[in-house]
Structure formats: structure tokens, C-alpha cells
2 protein chains.
Amino acid sequence: MASIKDVAKASGVSISTVSYVLNDDPRIPEVTASKVRQIANEIGYLPSAAARNLKKQNTKTILVAISDFGGPVYHELLDGIQHQLTKEGYTMIVSTGISSVNLLKERSADAAIVTDIHLSNELLIKTAKNFGPIILLDRKLSDEFVYHITIDNEEAMFELTSKAITSRKRNKIAYVHGVTGTYDNQTRFQGFLRAIHSHQISTYSEYFGLFTKQSGEDIVEQIIRKEEPMPDLFICANDEMAIGIMDRLKVHHFDIPNTVGICGFDDIDLSSYVQPQLSTVKIAHREWGMNAALTAVQLIRKEAVTFFVQKGQVIIRDSF
Amino acid sequence: MASIKDVAKASGVSISTVSYVLNDDPRIPEVTASKVRQIANEIGYLPSAAARNLKKQNTKTILVAISDFGGPVYHELLDGIQHQLTKEGYTMIVSTGISSVNLLKERSADAAIVTDIHLSNELLIKTAKNFGPIILLDRKLSDEFVYHITIDNEEAMFELTSKAITSRKRNKIAYVHGVTGTYDNQTRFQGFLRAIHSHQISTYSEYFGLFTKQSGEDIVEQIIRKEEPMPDLFICANDEMAIGIMDRLKVHHFDIPNTVGICGFDDIDLSSYVQPQLSTVKIAHREWGMNAALTAVQLIRKEAVTFFVQKGQVIIRDSF
DNA sequence: GGAGTCCTCCGAAACGTTTCAATAACAAAT
DNA sequence: ATTTGTTATTGAAACGTTTCGGAGGACTCC
């Protein structure tokens with residue numbers, strides 16, 4: 001591997017001169033600089049991130065740890081992060097699963113933005129201490145170097161549920177949980193509860209899914225198999241489950257929205273494709289990402305951080 | 001930041017001993033090792049990737065550069081790569097846009113798998129020389145350190161088009177290009193051409209889209225606005241354009257598949273949701289990813305590489 | 001009791017940068 | 001002619017690891 005030493009030798013100057021040139025230091029006159037640059041270019045010299053990071057004690061890189069590349073939700077979020085980060089002169093790297101853990105444990109970035117429920121609180125708190133700022137998007141967790149920027153799920157779900165309840169008379173309302181214990185599920189459920197209570201409704205049934213389409217399908221099949229009465233309004237913790245439920249409901253010839261209403265959360269692309277189109281809550285993912293990125297950079301620079309609240313936007317379509 | 005030196009001092013052994021312990025070297029007896037481990041744990045020591053990478057002259061990391069996180073196609077591919085890589089003891093980092101360039105130019109990984117048309121051949125060839133093996137997924141390009149693993153688009157499109165042509169009598173066949181000049185578009189178009197020629201068809205019309213749903217929609221609107229005759233079979237370079245076309249066709253009350261047939265390529269999730277369900281070609285993305293990852297690792301290790309050919313699977317649904 | 005063999009541990013060099021402090025060369029000012 | 005100042009350049013230390021080559025001690029074996 002060609003190193004800075006080779007460039008120095010080839011251009012007849014010292015290592016330090018080469019380094020200054022490559023970092024555009026003004027104290028090197030153009031005549032020397034251009035010669036060095038040309039030679040560096042000729043031998044295809046690429047600097048070593050490792051050496052540079054070691055010396056400078058930073059990486060100019062932000063790690064984004066997500067739970068999986070499949071989620072239809074991450075696209076805009078990552079886009080927003082990337083956008084903001086390039087603006088600030090940082091590089092974004094994205095990881096999942098065990099790779100995220102490796103990267104965290106080896107201090108491979110200056111800060112991390114994480115939305116991956118598989119990364120335990122314990123690991124995060126422990127790591128943050130020696131790693132650098134960690135910003136959580138998928139849960140609330142406060143610690144000295146751990147921050148969070150979460151969505152106001154509660155309020156959004158309150159609004160959506162209220163709309164669903166008042167749009168027509170429903171008698172048997174059901175809440176479909178996602179993975180229990182997650183921040184998203186809990187806060188959305190809270191919003192649901194507040195909404196039905198504020199409308200003097202006290203009975204509701206609960207079903208438990210896993211945020212996946214499949215788990216939504218299973219819920220319907222199970223209701224039918226056990227011959228339980230079918231709810232006439234499903235408030236679902238996310239769109240994927242809602243769409244799964246809708247699919248099976250249609251197969252069994254239920255009339256949506258007339259006999260059964262349904263709504264989701266997230267406004268994934270599919271939501272406006274299914275028939276009828278799904279009412280849901282849209283999150284400004286792109287802004288959320290930009291926000292998180294900005295916060296990360298501010299924390300690294302030890303500047304004052306400007307925390308925003310991310311709100312959801314209720315979107316009423318045809319599903320209830 | 002706590003370093004290995006701090007651990008050494010706190011546990012009363014030398015730096016080298018700590019290093020051996022942390023790397024599970026058998027020459028350190030368990031009694032010493034466990035003490036050191038405990039102290040490292042207590043002070044929350046995290047090793048420095050930078051220092052380690054510099055010394056070992058590798059990163060145990062593979063970079064995957066993709067064009068954008070939005071594409072519905074990348075999910076399984078990344079999943080396959082990640083799967084294979086963890087099996088081989090490597091960490092995967094994913095990047096887009098300018099971040100990819102930064103990472104490439106600073107030699108931040110041991111190899112790269114790229115499918116991002118924005119990264120120029122020139123950059124890739126130049127970088128590969130000092131970076132390490134680069135494996136291209138989105139084009140063919142051979143150079144000393146540049147490799148490619150591409151899909152047999154031509155054959156798959158040949159089969160799909162043949163099926164479409166023979167399924168019923170069509171008189172006005174159209175090919176809908178994606179971004180021209182891309183490997184995918186070119187090879188798919190070749191397959192289309194071979195198919196119609198082998199069926200003694202010599203006339204066809206061409207439309208030019210951008211691989212996006214929107215561009216598909218535009219094509220239909222433009223045909224109608226200009227009062228051109230509507231084709232009765234659209235062979236599209238990908239699903240997204242096909243779905244855009246289908247959408248507008250339905251709005252204008254064309255009967256699919258009876259008066260107009262259509263097919264796509266890629267088998268994105270949406271393809272089985274639209275009505276009628278889209279005929280298309282499915283790519284084994286997960287295997288493709290695993291394949292690419294394995295190749296990358298073999299190249300790094302300078303082992304013999306086993307190159308596979310990735311084939312597409314034609315899926316006939318209801319759209320022609 | 002001396003030579004040989006293990007076992008446990010350590011010192012120091014090296015990886016490729018950045019950057020401080022210092023030097024050399026030369027012009028300008030006294 | 002010496003000092004002063006400026007500009008161009010350099011040497012060397014430091015960043016935090018890994019790992020080679022030993023050192024020192026305990027044990028075995030004759």
C-alpha cells in the first residue's frame with residue numbers, strides 16, 4: 001500500500017510537507033503543493049483512515065444502527081440523516097444486527113443514531129460512556145451520554161382514534177398491539193386509551209401482533225377459527241398489521257369500511273395502494289432524520305443542542 | 001478515553017498482557033485473564049478500531065455502497081450480504097452518495113460491494129488499486145481489482161417476453177426503457193429483442209422512462225395526450241414503471257390484461273398487490289448478496305473464488 | 001545441582017498519520 | 001555587517017494497538 005512516505009520520497013519533500021499539502025494548509029506555496037498533489041495522484045495514493053482517525057482521535061463518521069433494511073419506514077429517515085450529515089461534513093455508515101454491535105464496541109464512529117430494539121439498554125448505556133453520544137429513536141432512555149428523539153405517538157394516535165370513533169357508530173372496538181414493551185406500541189396504545197376514554201367508551205378488546213403483516217393476518221384467522229365475534233373497528237399499532245388484517249378480512253368477505261373499520265400508523269407506501277386506502281398517521285421521517293443528525297453533530301461539537309419534538313400527521317382515507 | 005494502558009495500569013500487568021487477554025490468547029492463564037477482563041469491564045474499556053486497524057492493516061469490514069435506501073430491491077440483498085459476512089467474521093457497513101466516496105477514498109474497509117450507478121468507473125478503477133477488491137453488482141467492468149457479479153437479465157427477459165407474446169395475440173408491442181445506458185436496461189432490452197425476433201416480430205415501439213413509477217405514469221399520459229395509438233403489450237424494464245403504467249391505464253379505463261398486457265422485472269412487493277397482479281421476473285436477491293459477500297471475503301483472503309451465475313425466475317401472474 | 005523445558009509475562013518496535021517546535025534560507029531593516 | 005522578520009520546510013513525538021523476541025522463574029530429568 002502506498003503511504004504518505006512514498007509520496008514524500010517520490011516528490012522529494014518531507015512527510016510533513018505532504019501532509020500539509022493534502023490537508024490544504026496555506027503555508028505550503030502552490031508551486032510545491034501542485035507538484036506533490038500530482039505525484040500523489042499518479043501513484044494512486046489513498047490516505048489511511050485508520051492512521052488519521054488514530055491521530056486525530058475522531059472519525060468524522062456517524063453510525064446509524066437500524067433493526068433491518070426491510071422496514072418500509074427507514075428510507076426517508078436515512079435520507080434525512082445523510083442529507084444533514086453531508087452538510088456538516090460527516091460521513092454516514094449504516095449497519096444492522098451484529099455489525100452494529102461490533103461497530104459500537106470498537107468505537108468506529110464519533111456518535112451513533114440508533115433505532116434497533118435488539119440493542120439492549122444495558123449495552124447502549126455502557127457503550128455510550130466510552131463511545132460518544134448515542135441518540136435513540138426507538139425508545140426513551142436517559143443517561144449521561146444517551147439521548148433520545150422520539151415521535152409524539154400518543155397525541156397522534158389519540159387524534160386518529162378519535163376520528164375513527166366519531167366517523168360512524170362502532171360497537172366493538174379492538175386495539176391491535178405490535179410487539180409489546182416497545183416504545184411505539186406503548187405510546188400508541190396510550191393514545192388509543194385516552195381517545196376512547198374521552199369518548200366515554202370503556203370496553204374494547206385487544207389482540208397481540210408483532211408489527212408484521214403476517215401477524216395481522218393471523219389475528220383475523222384466529223378470530224374466525226375460534227368463532228369469536230368480529231370487531232367492527234381495528235385500531236392497529238402500525239400499517240403492516242392493519243394491511244394484513246384488511247387482506248384476510250377481504251378474503252372472508254367483510255365489507256370495509258362499512259361493517260369493519262380499520263386504521264394503521266406510519267403511512268407506509270402500501271397504505272395508499274390497498275383497497276380501501278388505509279387511514280393512518282404519517283411521520284415526517286426525513287425531518288426526523290435531519291434532526292437526529294444535527295443533534296448528533298452538535299453533541300460531538302459540544303455545542304448547545306436544539307431538541308425538537310416530532311409530531312405525526314393524521315391522514316384520513318377510506319378505511320373507516 | 002480509557003485505553004489499554006489504563007487497563008494495564010489498573011490491573012498491574014503490562015500492556016502486552018492485556019492485549020493478549022483481550023484477544024483470548026491461550027498463553028495467558030485463566031487466573032490472570034479473568035482479573036484483567038474484569039477490570040477492563042469495570043472501567044468500560046472499549047478498544048480503538050483505529051489503532052487496531054492501523055496495526056493489523058485490515059478492518060474486518062466490508063463496505064456496501066448502494067445508490068439509495070429507497071429502492072425496494074435492496075432489502076434482501078443486504079440481508080444476504082450481512083448473513084454471509086457475519087458467518088465469515090466480517091462486519092458490514094452500508095453507505096450511499098458522498099459517504100460512499102469518502103469511505104472508498106479513505107480505505108475504510110477491506111473490500112467493497114457496490115451497486116450505485118453514481119460511482120463512476122474511473123473512480124472505482126482508480127480506487128480499487130489501493131483500496132482492495134471491489135465487486136460490482138450493477139454493471140460489468142473488468143479490471144485488475146474490480147470484479148462483477150451480475151444477473152442474467154438477458155435470458156430472463158427473453159423468457160418473460162416470449163411468454164407474454166405467446167399468451168395471446170398482440171399487435172402493438174412496446175418496450176419501456178429504464179435509465180438508458182445502465183447495465184440492467186441494456187441487457188433486459190437485449191433479451192426483449194431476442195424474444196421478439198425469435199417470434200418473427202419486427203415492429204415494436206419504444207418509450208423511455210427512468211425506472212420510477214412516476215416515469216411510467218408520464219408515459220401513458222403522454223401517449224394519450226398526443227393521441228398516439230395505445231400499445232397492447234408493455235414490456236417494462238422494471239416493476240415500478242410497469243405499475244405506474246398500469247395505474248394510469250386503469251384510470252383511463254383500459255382493460256388489463258384483455259386489451260392491454262403488461263409485465264415488469266424485479267418482483268418487488270407491490271407487484272403482487274396491484275390488480276391485476278403483475279407478471280415479472282424474480283431475482284434471488286438474498287443469494288445474490290450471500291454470493292457477493294462470499295466472493296469479497298475470498299478475494300481478501302486471496303483464496304480461489306467461486307463465481308456463480310445469478311439467474312432470474314420468471315413469474316407469470318395476471319397482467320398479460 | 002546443572003541443563004533443559006515450560007510457563008507466564010514484558011519491553012519495544014511498528015503501523016501511517018498529524019502537528020508542534022525548530023531550522024534554514026533569504027529579504028528587509030537597522 | 002549584524003539583527004530582525006518572514007517564508008518554506010523539516011524532524012520527531014504522539015495516537016493505541018499487536019506481536020516478535022526474550023527474560024525470569026519454576027519444574028523436570030538425569
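So you know, we letter chains A, B, ... as the sequences are listed, proteins then strands, and number each from 1.
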Heavy-atom donor-acceptor pair, [X] side chain to [Y] backbone, under 3.5 Å:
X        : Y        : result
A/Asp266 : A/Ile268 : no
A/Asp110 : A/Ile62  : no
A/Asp152 : A/Lys311 : no
A/His148 : A/Leu136 : no

Given atom [atom1] of [X] and atom [atom2] of [N], what is their separation to the nearest angstrom?
X       : N      : atom1 : atom2 : value
A/Arg27 : D/dT6  : CZ    : P     : 16 Å
B/Lys5  : C/dC10 : NZ    : P     : 16 Å
A/Ile15 : D/dC15 : CD1   : C1'   : 16 Å
B/Asn58 : C/dA14 : CG    : C1'   : 15 Å
B/Ile4  : C/dA14 : CD1   : C1'   : 15 Å
A/Ile28 : D/dT6  : CD1   : C1'   : 15 Å
B/Lys60 : D/dT18 : NZ    : C1'   : 15 Å
B/Lys9  : C/dC9  : NZ    : P     : 20 Å

| For D/dT10, does either OP1 or OP2 sit under 4.0 Å from a side-chain N or O belonging to A/Ser14? | yes
| B/Thr32 side-chain N/O to C/dC9 phosphate OP1/OP2 under 4.0 Å | yes
| Strand contacts (DNA chain C) in residues 16-23 of chain B, 4.0 angstrom heavy-atom criterion | B/Ser16, B/Thr17, B/Tyr20
| In residues 50-57 of chain B, which residues come under 4.0 Å of DNA chain C by heavy atom? | B/Leu54, B/Lys55, B/Gln57
| Side-chain heavy-atom pair B/His75, B/His285 within 4.5 angstrom cut-off | no
| task | Would you indicate whether the side-chain heavy atoms of A/Leu137 and A/Ile149 approach each other to under 4.5 Å? | result | yes
| Do A/Glu106 and B/Lys60 meet the salt-bridge criterion of a basic N to acidic O distance under 4.0 Å? | no
| query | Mind checking what makes salt bridge (Lys or Arg N to Asp or Glu O under 4.0 Å) contact with A/Glu30, not counting sequence neighbours? | reply | A/Arg37
| Residues A/Thr150 and A/Tyr183: side-chain donor-acceptor under 3.5 angstrom | yes
| Given DNA chain C, 5'-ward residue of the pair B/Val13 and A/Tyr45, judged by closest heavy atom | B/Val13
